[in-house]
Novice: 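Input: one structure, supplied below.
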Amino acid sequence: MHSSGNRAVEGRGIRKAFGGTVALDGVDVCIGAGEIVALFGPNGAGKTTLISVLLGLLAADEGRVELWGTSPRDAVAGGRVGAVLQGGALPRGARVGELLRFLARLSSRPLGVSEVLGMVGIGELEPRLVDRLSGGEAQRVRVAAALIGNPELLVLDEPTAAMDVEARRALWAVLRGEVGDGRTVVFSTHYLDEADAFADRVVMIGRGRVIADASPTRIKDALGNRTIRCRAPGVEPTTVSALPAVDGVACRAGHLELRSHDSDTTLRALLAALPEVTDIEVSSLSLEDAYLALTRPYSDRGDADARLLEL
């Protein structure tokens with residue numbers, strides 16, 4: 001759990017149920033000012049419900065939530081929060097520039113319309129009707145609308161769902177720059193590359209609970225598992241499956257892939273047994289691998305998995 005004397009977000013023991021379905025089951029989350037934090041998990045994990053509670057759009061059944069030591073509603077009313085929510089509609093018949101100028105008048109310290117359009121990379125859309133925007137363009141306008149009030153906290157629920165890869169990268173370049181100005185960004189995603197590349201911390205959510213909360217690198221490294229890849233033409237999986245610390249083996253087109261819980265030991269044994277292998281590469285688990293390991297039934301987990309839950 002992150003600790004900081006300058007917390008933008010603090011939630012403790014958050015529980016929310018819809019009838020007999022528990023969406024959040026005792027969630028704790030603390031986010032320091034200036035951090036980029038990803039809420040990562042599949043659909044139905046509880047990410048959107050958590051965002052709605054953090055924004056004051058839903059009341060928690062149990063627990064408490066504070067933004068800078070005050071209630072979410074007070075923080076939002078004070079203009080300290082900007083948000084892009086899933087399914088948020090733009091007003092039909094409005095032009096992009098008109099919409100942003102209207103929203104700017106509602107803020108006590110807005111950014112300039114041209115400045116925000118430039119930041120998000122859509123300056124050419126200012127005269128366009130929002131009805132005639134593509135899905136990716138409309139999403140960037142929503143981000144601009146969330147930024148126009150110059151919020152201290154920017155909350156984004158699946159912000160790049162309608163964007164192509166190039167547009168996603170461009171948007172995240174903007175958002176990382178915003179954090180350099182002291183802004184805090186919290187975003188939900190099921191894109192592994194976004195969480196890995198752009199977040200300072202990843203809060204993994206599964207079945208309504210936080211199952212890991214740490215930097216992407218620490219989450220992947222904590223399991224202790226590595227993948228060893230090398231070129232080994234003609235080698236059969238059975239030849240290396242008995243090497244020490246090997247948990248799994250695969251061969252593809254003359255390349256060998258070994259999953260190991262002690263890559264140093266495995267690699268030494270591999271080179272001793274097959275000194276002719278080449279193009280050796282050792283890598284940590286992906287976030288997807290880590291998530292799948294963590295969301296296995298508790299009875300199926302090993303000690304390494306259990307340690308990761310304590311990060």
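Quick note: residue numbers are just sequence positions, from 1.
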Novice: Does a sphere of radius 6.0 Å around CD in Glu276 hold more than 12 heavy atoms from other residues, nucleotides or ligands, not counting ones at 6.0 Å or beyond?
Specialist: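 Check passes, neighbour count above 12.
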
Novice: If you measure from the Lys or Arg side-chain nitrogens to the Asp or Glu carboxylate oxygens, is any gap between Arg201 and Asp213 under 4.0 Å?
Specialist: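 Salt bridge between Arg201 and Asp213, a charged N being under 4.0 Å from a carboxylate O: yes.
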
Novice: Which one of Leu153, Leu154, Val155, Val81 satisfies the side chain to side chain contact (heavy atoms under 4.5 Å, CB included) criterion with Thr184?
Specialist: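 With Thr184 as partner, side chain to side chain contact (heavy atoms under 4.5 Å, CB included) holds for just one option, Leu153.
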
Novice: Give a yes or no on whether a salt bridge exists between Asp131 and Arg92, defined as a side-chain N under 4.0 angstrom from a carboxylate O.
Specialist: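 So Asp131 pairs with Arg92 through a salt bridge.
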
Novice: Give the cluster check for Val282 versus Ile219: same hydrophobic cluster or not, with ILVMFWY residues linked at side-chain heavy-atom distances below 4.5 Å.
Specialist: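 They do not share one cluster, since no chain of ILVMFWY contacts under 4.5 Å joins Val282 to Ile219.
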
Novice: Aromatic contact between Tyr191 and Trp172, with the criterion being ring centroids under 6.0 Å apart: yes or no?
Specialist: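 No; Trp172 has its ring centre 6.0 Å or more from that of Tyr191.
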
Novice: Applying a strict under-4.5 Å side-chain criterion to I, L, V, M, F, W and Y, I'd like to know whether Val120 and Val165 cluster together.
Specialist: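 Val120 does not cluster with Val165.
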
Novice: Using atom types as modelled and distance alone, determine if a side-chain donor or acceptor of Asp279 lies under 3.5 Å from a backbone N or O of Cys230.
Specialist: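 Side chain of Asp279 to backbone of Cys230: no pair is present.
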
Novice: What closest approach, in Å, do Asp157 and Leu85 show between heavy atoms, and which atom pair accounts for it?
Specialist: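 Here Asp157 and Leu85 meet closest at CB-CA, 4.1 Å.
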
Novice: Out of Ile205, Leu58, Ile14, which residue meets the side chain to side chain contact (heavy atoms under 4.5 Å, CB included) rule with Thr49?
Specialist: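 Option passing the side chain to side chain contact (heavy atoms under 4.5 Å, CB included) with Thr49: Leu58.
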
Novice: Quick one: do Arg12 and Glu66 make a salt bridge, cutoff under 4.0 Å?
Specialist: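 Between Glu66 and Arg12 there is no salt bridge, as every charged N stays at least 4.0 Å from the carboxylate O atoms.
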
Novice: In terms of hydrophobic clustering (I, L, V, M, F, W, Y; side-chain heavy atoms under 4.5 Å; direct or indirect links), are Val22 and Val27 co-clustered?
Specialist: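 Val22 does not cluster with Val27.
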
Novice: Checking salt bridge (charged side-chain N to carboxylate O under 4.0 Å, His left out) for the pair Asp25/Arg209: CA distance, chi angles, key distance, verdict?
Specialist: CA-CA 6 Å; Asp25 190 9; Arg209 297 182 178 182; 3.1 Å; yes

Novice: Please set out all donor-acceptor pairs under 3.5 angstrom arising from side-chain atoms of residues 122-129, sequence neighbours excluded.
Specialist:
residue, atom, partner, partner atom, Å
Glu126, OE2, Arg101, NH1, 2.9
Arg128, NH2, Arg132, O, 2.9
Arg128, NH2, Glu137, OE1, 3.3

Novice: Please check: side-chain N/O of Ser260 versus main-chain N/O of Ala245, any donor-acceptor pairing under 3.5 Å?
Specialist: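 Confirmed, Ser260 side chain pairs with Ala245 backbone.
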
Novice: Please enumerate all residues that pass salt bridge (Lys or Arg N to Asp or Glu O under 4.0 Å) together with Arg168, with sequence neighbours excluded.
Specialist: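 Once residues adjacent in sequence are excluded, the partners of Arg168 under the salt bridge (Lys or Arg N to Asp or Glu O under 4.0 Å) criterion are Asp193, Glu194.
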
